[in-house]
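Taking it in order: structure first as C-alpha cells, then the write-up.
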Amino acid sequence: MPIVVNIDVMLARRKMSAGELAEKVGITPANLSILKNNKAKAIRFSTLEALCRALDCKPADLLDYTDD
Amino acid sequence: MRISNDKSLLLSRVCVGVFAALLAVLVAGAPWIWPYVLHRKGVVALYVAVTYASALPAGVVLYCLNRLLRSAADTDVFTDANVRRLRAVSWCLAAAALVYFAGGLFDWYLFVLSVMAAFGALIVRVLKNVLAEAVEIKRENDFTI
C-alpha cells in the first residue's frame, strides 16, 4: 500500500513507548502493531485524532504517501 | 416454529449424514436397486453407470458441506477455506450435471436431473461470489484501526 504510517518516527521524536501510546490512544498493543507495520487497511478518524492528540502532531506527520 | 441456530445447524448436519448414508447405500447397491426401481429394464446399466460416475462429485459435495457446517459451528464462517469449499461444491454440481447430460443422450429423464444440477451449481456459485466479497469486507474491517 502506498500510504505509510510513520508512528515509529513520531514515537522516537516524542521518546514514547508503543505500549504507552496504545494506552493513551485507547487501542490494544496488537492493533498499534498492525498500524506500525503498515498492515492496516484503514484508519478511523477517531483513532487518527487520538493519535495526533497523544503524539501532539498533525495527521500529515503520521501519514505519508510513497509511489510504489 | 422458531428453531435456534444451534438446532438448525444440528439438523443440517444430521441431513448431511443421512444423505451420506444414502449415497453409500446407493453406491454399494446400485446394481440391485436400479433393476428393482426401474420398470424399463433396458436402461438399468445406464443408471448404474451414471450413479457410479456421479458418486465422487456427490461425496465431495457432502464432505464440503460437512466442513462448512463445522466451520459455522465454530463461528469461523468468513474464511478463504469456506470460499474454496463452496467453489468445490459448485464445480462438483457442474460435473454431475455433465454426467447427467451425457446420460440424457440415452434416456431423456436424466436431462431433468442435469438441468437441476446445473441450476444448483449456479446458485452455489453465486453464494461463493457473495461469500468471497464478505470475506474481503471482513478482512478490511479486521484491519481497520
Side-chain angles (χ1 to χ4, degrees), chain A, chain B residues 4-10 12-13 16 60-61 63-94 120-145:
Chain A
M1 188 181 275
I3 300 291
V4 179
V5 184
N6 290 320
I7 286 183
D8 274 342
V9 178
M10 288 309 297
L11 279 173
R13 279 186 195 161
R14 300 289 182 257
K15 295 183 173 60
M16 193 186 287
S17 71
E20 192 184 340
L21 178 64
E23 197 175 313
K24 277 188 175 175
V25 173
I27 60 175
T28 62
N31 278 343
L32 185 66
S33 170
I34 289 171
L35 266 178
K36 272 173 60 182
N37 296 323
N38 284 307
K39 295 273 170 58
K41 295 266 186 184
I43 181 166
R44 291 189 191 90
F45 278 157
S46 56
T47 309
L48 190 58
E49 184 189 327
L51 281 170
C52 289
R53 188 177 299 128
L55 292 168
D56 189 25
C57 64
K58 304 274 184 203
D61 297 326
L62 292 173
L63 303 175
D64 198 6
Y65 174 80
T66 54
D67 205 356
D68 279 350
Chain B
S4 73
N5 265 354
D6 287 348
K7 283 180 183 167
S8 179
L9 268 177
L10 182 66
S12 300
R13 292 189 79 172
V16 169
V60 174
V61 165
Y63 172 76
C64 288
L65 290 180
N66 189 44
R67 295 299 301 267
L68 277 166
L69 289 170
R70 197 178 295 175
S71 75
D74 295 339
T75 61
D76 189 22
V77 181
F78 299 105
T79 60
D80 289 327
N82 280 349
V83 174
R84 279 196 303 275
R85 283 169 194 144
L86 279 181
R87 184 185 294 132
V89 169
S90 173
W91 279 113
C92 284
L93 286 172
L122 177 65
I123 290 172
V124 175
R125 185 161 186 80
V126 170
L127 287 176
K128 188 269 291 179
N129 291 142
V130 171
L131 184 67
E133 278 305 311
V135 168
E136 196 51 46
I137 290 168
K138 185 184 181 296
R139 190 171 294 137
E140 197 155 314
N141 264 344
D142 286 348
F143 285 97
T144 296
I145 311 297

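Chain naming here is simple, since letters A, B, ... match the order of the sequence lines and numbering starts at 1 in each. Everything quoted here is computed from the prediction, not taken from an experiment.
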Are there over 12 heavy-atom neighbours, none belonging to Glu136(B), within less than 6.0 Å of that residue's CD?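 Yes, enclosed.
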
Any residue of residues 44-52 of chain A which, by heavy atoms, sits under 4.5 Å from chain B: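 Against chain B, the residues of residues 44-52 of chain A that fall inside the cut-off (heavy atoms, under 4.5 Å) are Arg44(A), Thr47(A).
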
Let me know if Ile43(A) has heavy atoms under 4.5 Å from chain B in its side chain, its backbone, both or neither.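 It is both, since atoms from each part get that close.
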
What's the separation between atom CZ in Phe143(B) and atom CG in Asn38(A), rounded to the nearest 0.5 Å?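 The distance works out to 12.5 Å.
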
From NZ (Lys41(A)) to CG (Asp142(B)), nearest 0.5 Å: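 If I round to the nearest 0.5 Å, the distance is 10.5 Å.
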
